[in-house]
Structure formats: structure tokens, C-alpha cells
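Have a look at the structure below before the remarks.
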Amino acid sequence: MEQQKTDILSLLPAQLEAEIRAMGAPAFRAKQIFRQLHVKRVFDFAKMTELSKQFQAQLNERFYINLPKIRQKLDSCVDDTVKYLYRLSDGNCVETVRMVYHHGVTACISTQVGCKMGCQFCASAPLGFIRNLTPSEMLMQIYGADAGRPEPEQISGIVLMGIGEPLDNYDNVMQFLRLISCKEGRNLSLRHVTLSTCGLVPRIRQLAQEQLPLTLSVSLHAAQDSVRSALMPVNRIYPLDELLDACSYYFKQTGRRVTFEYAVIAGENDSAEAAKILAKRLRPVFPGLRPHVNLIPVNPVAGTGFQAGHAAKFQQYLIKEGVNATVRRTLGDDIKAACGQLRRDQIEQDTALGETPDTEN
Ligand code: SAH
């Protein structure tokens, strides 16, 4: 039944206004409701006391408030990282990680239930793709992680690096970005947002046209087509030449350098020779600017057989070749904060118990 109603948390102010006007109510009501939802975080029409009981009932008829529930919350003992496993309204689960850095609090959010991209080292790949997340389901990952926290502890940055490929859910991700940054609502600057992609070339070019101030990050992981295609099937469709061309195009259009992610995998992509090839390919991508590579020792995922390579050594190789390289600090190691691991465990447990999504709804 909910499906016939409109998902109110996915609507921008102007869209909500059009809906409210269509109900015969004045536009200022839409502003009140938007503020209640996105600023006051009141997720129950009956608690919006400035509205009449009759209007509250009409709202209930027309809209639903899509509230994922927190199914599990894990607090790290080694740092302030918190991991949330959200249960969506259809019973599926996604993960969100809240990370505390000296410059603020960043949330790593999921954009899809599962993923189609099939990267060999990734915990989500073997589970396949289930569906796209709605804008409200992305938004609520942030609101849920902010709940009950005072202003200084609220999320100030977002990385779209959780489960899913954000550019494979393009329209909903764009709507989410408009919602989270709109001044009537959460008003989070897109300068503090990083969107990570495995390299969907046409979508990178489309994103360049949007002229958003976010940081685009490309998961590269190898600089030779043979190696990258073996690790990341997407490379067979969009090989490195096309991908790096799209990165140059993005830079030309937006003036913003694309950053690169590189999971260092022992014996696969971590040799001095691999670093040399990587540097050679990246140097011409952003004329006049040094390329930047974030290195992360691969997180060994059960069943993949990959082991972490020596990130600090690979960093030295790259620096010698004129590439900026940083080794990403890993947070929340004790709570499976790496993407996809908690959901995978949960699905394995549920399967053992004979539970499937949708059984409780
Ligand atoms: N689909 C997007 C975003 C989600 S994955 C993308 O591919 O960029 C977020 C990042 O985690 C990507 O850089 C991805 O390649 C990386 N990643 C996935 N599994 C990993 C693992 N086991 N160890 C290290 N990084 C991993």
C-alpha cells in the first residue's frame, strides 16, 4: 500500500510545494513540512503540531515517510568509528559508517542494495545486485547516524563509498545530492562530498556537465588493462584509455582534479614496475597538476584469496615517479568497518535461520 503513496523524504522543496498545492493547501505549508522533516527531524505527521489534525490525516493518505530502521550498531573500541546496518522497508539491509577525523565527521553511505560491478576483491560482489536505493534511503543513512547528537558531532562530510556503484544509480544519487545540499534542509556543502566510481565512462562525462563542486574519485586499482580487467570486469567495457580520457574531460569541464583509489594487493598490482606504469599513465591526465592516488592495503575478504600488499612501499615507488600518493588510514578495523562485510555476515546468518527479506513486511 505504501508503494502507492509518495515518498515525501525524496522530494525537493519545489516538488513538495507542487504536491501540497495540488492538495489545495497553501505553499507555506510545504515549507513548514519540509522544515519539520529535514531540520527538526520530525518523522511523524501527527507530531507536526502546527498542522491541523485534518491536514495531518490528508498527508498520511498521500505520503509515506521512508524510515529505515537501525538493525545493528557497532561501536569501535579502537577509535570513534560507528557502523550502522540499516534495515530498509522491504527487509533488505545496507551499511553506513560514521568516521571521526580531526577536521570533522564523515559518513560513508551505500547507494544500492548490492552491486552489479563484480570487482573480484569486493565483499559485495558475490551477493549480486538487488535494487537501487531511493534518495530518501540515502538521506536517512545520514539522519540516522546524526540522531541524538549535538551539532558539533553531526556529519559534515559524505563519501559515496559504501555498498553499490553510485553512477549506476545516477538519477537517485543526483536527487540525494540536491536534497542534502539544499539550503532549506541539511545544507551540507557538496565540497565535502566525495563520489567514488569504478569507472562508468559515459556517466563520468554526464557528471562533468552537472558542474557540482564535489570530488570525483575513480577506483583504479591497476594501470594495465590485462590486470584491471581481471580485477574489475567494468574495465572490459570501459578500458583504461577511455577511463583516463573521461577523467581529463572531467578536469577540463569542472577544473577539479579527479582522485584515484588504489587497493594494494600483494603480488597483483604492487610491484615497482606497476608503480612506474601507473605514474606514466597518470602524469598526462591533468595537465599542469600532479595526479593524486589514495592507497589502501586491500581488505582481505573471505573467499577472494587476495592479501594486502605493502602500501607504504608502493607509495615510495609512486612518489619517486612524481605522483602524489597517500596511504589511507584504516578506521574501525574491529567492527568490520570495511564496506560490505557486515551485510554479508548478516545475510549469511539470516540464510542459516531461513529468513529472507520481505518476510517481516
Ligand atoms: N562502486 C564504487 C564505490 C563503492 S566501493 C567504486 O567502485 O568506487 C568503495 C571503494 O572500496 C572502491 O575504491 C572499491 O574498489 C574499494 N574496495 C572494495 N572492496 C575492497 C577491499 N576488499 N579492499 C579495499 N578496497 C576495497
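Both counts, for ligands and for their atoms, begin at 1 and track the order of listing.
Distances from atom 10 (C) of ligand 1 to the heavy atoms of Cys108, Ser219, Pro300 put Ser219 nearest.
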Review point. Checking side-chain hydrogen bond (donor to acceptor under 3.5 Å, both in side chains) for the pair Thr215/His192: CA distance, chi angles, key distance, verdict?
Key: CA-CA 8 Å; Thr215 301; His192 302 145; over 6 Å; no
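Residue Met232 places every heavy atom at 4.0 Å or more from ligand 1. Proximity of Cys115 to ligand 1 is not established, as no heavy-atom distance is less than 4.0 Å. Residue Ala123 places every heavy atom at 4.0 Å or more from ligand 1.
Between Arg29 and Glu50 there is no salt bridge, since none of the side-chain N atoms of the basic residue sits less than 4.0 Å from a carboxylate O of the acidic one. Glu184 and Lys31 are not joined by a salt bridge, as no carboxylate oxygen comes within less than 4.0 angstrom of a charged side-chain nitrogen.
Using the six-membered ring where Trp is involved, Phe63 and Phe45 have ring planes that are tilted, between 30° and 60° apart.
Here is the list of ligand 1 atoms found below 4.0 Å of a heavy atom in His221: 13 (O), 14 (C), 15 (O). Ligand-side atoms of ligand 1 in range of Cys122: 19 (N), range being under 4.0 angstrom from any heavy atom. Set against the non-hydrogen atoms of Gly164, the atoms of ligand 1 under 4.0 Å away are 1 (N), 2 (C), 3 (C), 4 (C). Near Cys198, with a cut-off below 4.0 Å to any heavy atom, the atoms of ligand 1 are 6 (C), 7 (O), 8 (O).
Looking at Ile8 and Ile33, their side chains come closer than 4.5 Å, going by heavy atoms from C-beta outward. Within the 4.5 Å cutoff, the side chain of Asp146 has no heavy atoms near those of the Val105 side chain.
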Side-chain donor-acceptor distances from residues 273-281 under 3.5 Å, at least two apart:
residue: Arg281; atom: NH1; partner: Ala223; partner atom: O; Å: 3.1
residue: Arg281; atom: NH2; partner: Asp241; partner atom: OD1; Å: 2.7

Show me, pair by pair, the donor-acceptor contacts under 3.5 angstrom made by side chains of residues 157-176, not counting sequence neighbours?
residue: Glu165; atom: OE1; partner: Cys198; partner atom: N; Å: 2.9
residue: Glu165; atom: OE2; partner: Leu167; partner atom: N; Å: 3.1
residue: Glu165; atom: OE2; partner: Thr197; partner atom: OG1; Å: 2.8
residue: Asp168; atom: OD2; partner: Gln112; partner atom: NE2; Å: 3.0
residue: Asp168; atom: OD2; partner: Lys116; partner atom: NZ; Å: 3.1
residue: Asn169; atom: OD1; partner: Asn172; partner atom: ND2; Å: 3.3
residue: Asn169; atom: ND2; partner: Thr111; partner atom: O; Å: 3.0
residue: Asn169; atom: ND2; partner: Leu133; partner atom: O; Å: 3.0
residue: Tyr170; atom: OH; partner: Leu207; partner atom: N; Å: 3.4
residue: Tyr170; atom: OH; partner: Glu210; partner atom: OE2; Å: 2.6
residue: Asn172; atom: ND2; partner: Leu133; partner atom: O; Å: 3.0
residue: Gln175; atom: OE1; partner: Arg178; partner atom: NH1; Å: 3.0
residue: Gln175; atom: NE2; partner: Ser10; partner atom: O; Å: 2.8
residue: Gln175; atom: NE2; partner: Gln15; partner atom: OE1; Å: 2.9

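Counting heavy atoms closer than 4.0 Å to ligand 1, residue Val218 contributes nothing at all. By the criterion of a heavy-atom distance under 4.0 Å, neither the backbone nor the side chain of Met117 is placed next to ligand 1. With a heavy-atom cut-off of 4.0 Å, Val298 touches ligand 1 through backbone and side chain alike.
For the pair Leu160 and ligand 1, the shortest N or O to N or O distance does not fall below 3.5 Å. On a distance-only criterion, Ser196 and ligand 1 share at least one N/O pair closer than 3.5 Å.
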